[in-house]
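Written below as structure tokens is the structure these notes are about.
Atoms within each ligand, like the ligands themselves, are counted from 1 in listed order. Residue numbers start at 1 and run along the sequence shown. Every heavy atom of this structure was used, including side-chain atoms; hydrogens, water molecules and symmetry mates were not.
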Amino acid sequence: MNEKKMIDIAREVLNNAYAPYSKYRVGAVVETSSGNFYTGCNVENMSFGLTVCAERVAIFKAISNGEKSITRVVIISDDDSIPIPCGACLQVMSEFSDRDLEVIVSSRDGKLERFKLADLLPNPFKFNKEE
Ligand code: THU
């Protein structure tokens, strides 16, 4: 799927966002290493800390469907600001991707930026588990 199609789908999924508190709706599409695509939107909660971001919803949908890794993430907001993923989402991305994961972000008015995960999160959390 080309980037434009991913952006169009993310923009559609944004309509499913449950964001009555922030009124900031976000849509996401992730591509997996097996070539499949999963969508997500932000889902807020009255207990604000339980809110889950759009990109994390999409990643968890992918992993729970048996996908092993992600290769591209598109995130769209319905605001004029570009939705740079939060630290929690970047850490989740780093769990399931290479450092060169492509992260494409776009705003309502069409501003678009492309990043590598390594640029957004140069030092993800890691520990050395016993083998
Ligand atoms: N949000 C996302 O879904 N993705 C981002 O990249 C940034 C923030 C959501 C969480 C919350 O519902 C709203 O945006 C405001 O923080």
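- With ligand atoms numbered from 1 in the order given, ligand 1 contributes 6 (O) to contacts under 4.0 Å with heavy atoms of Pro85.
- In terms of protein heavy atoms, atom 11 (C) of ligand 1 is closest to Glu44 OE2, 3.3 Å.
- Atom 8 (C) of ligand 1 has its closest protein heavy atom at Cys53 SG, 4.0 Å.
- Ser47 and Asn45 are not linked by any side-chain donor-acceptor pair at a separation below 3.5 angstrom, with hydrogens and angles left out of the test.
- Closest heavy-atom approach to atom 7 (C) of ligand 1 within the set Val103, Ile84, Thr51, Asn42: this belongs to Ile84.
- A salt bridge is defined here as a Lys NZ or Arg NE, NH1 or NH2 lying under 4.0 Å from an Asp or Glu carboxylate O, and Arg114 with Glu3 meets this definition.
- In terms of protein heavy-atom proximity, atom 14 (O) of ligand 1 is closest to Tyr24 CD2, 3.3 Å.
- Considering every non-hydrogen atom in both Ser94 and Pro124, the closest pair reads OG-CB, 3.6 Å.
- Side chains of Ser69 and Ser33: a donor on one and an acceptor on the other come within 3.5 Å.
- Summary of contacts: the protein heavy atom closest to atom 5 (C) of ligand 1 is Glu55 OE2, 3.3 Å.
- For the 3.5 Å distance criterion, the side chains of Thr39 and Lys61 qualify, holding a donor opposite an acceptor.
- Residue-level proximity to ligand 1 for Ser22 is carried by the side chain, the only part with a heavy atom below 4.0 angstrom.
- By the 4.0 Å N-to-carboxylate-O rule, Asp78 lies close enough to Arg25 to be salt-bridged with it.
- Considering backbone and side-chain N/O of Ala54, one or more are found under 3.5 Å from N/O of ligand 1.
- Every heavy atom of Ala19 sits 4.0 Å or more from the atoms of ligand 1.
- Side-chain contact of Ser22 with Glu44: a donor-acceptor pair under 3.5 Å is present, judged by distance alone.
- Atom 16 (O) of ligand 1 lies below 4.0 Å from none of the non-hydrogen atoms of the protein.
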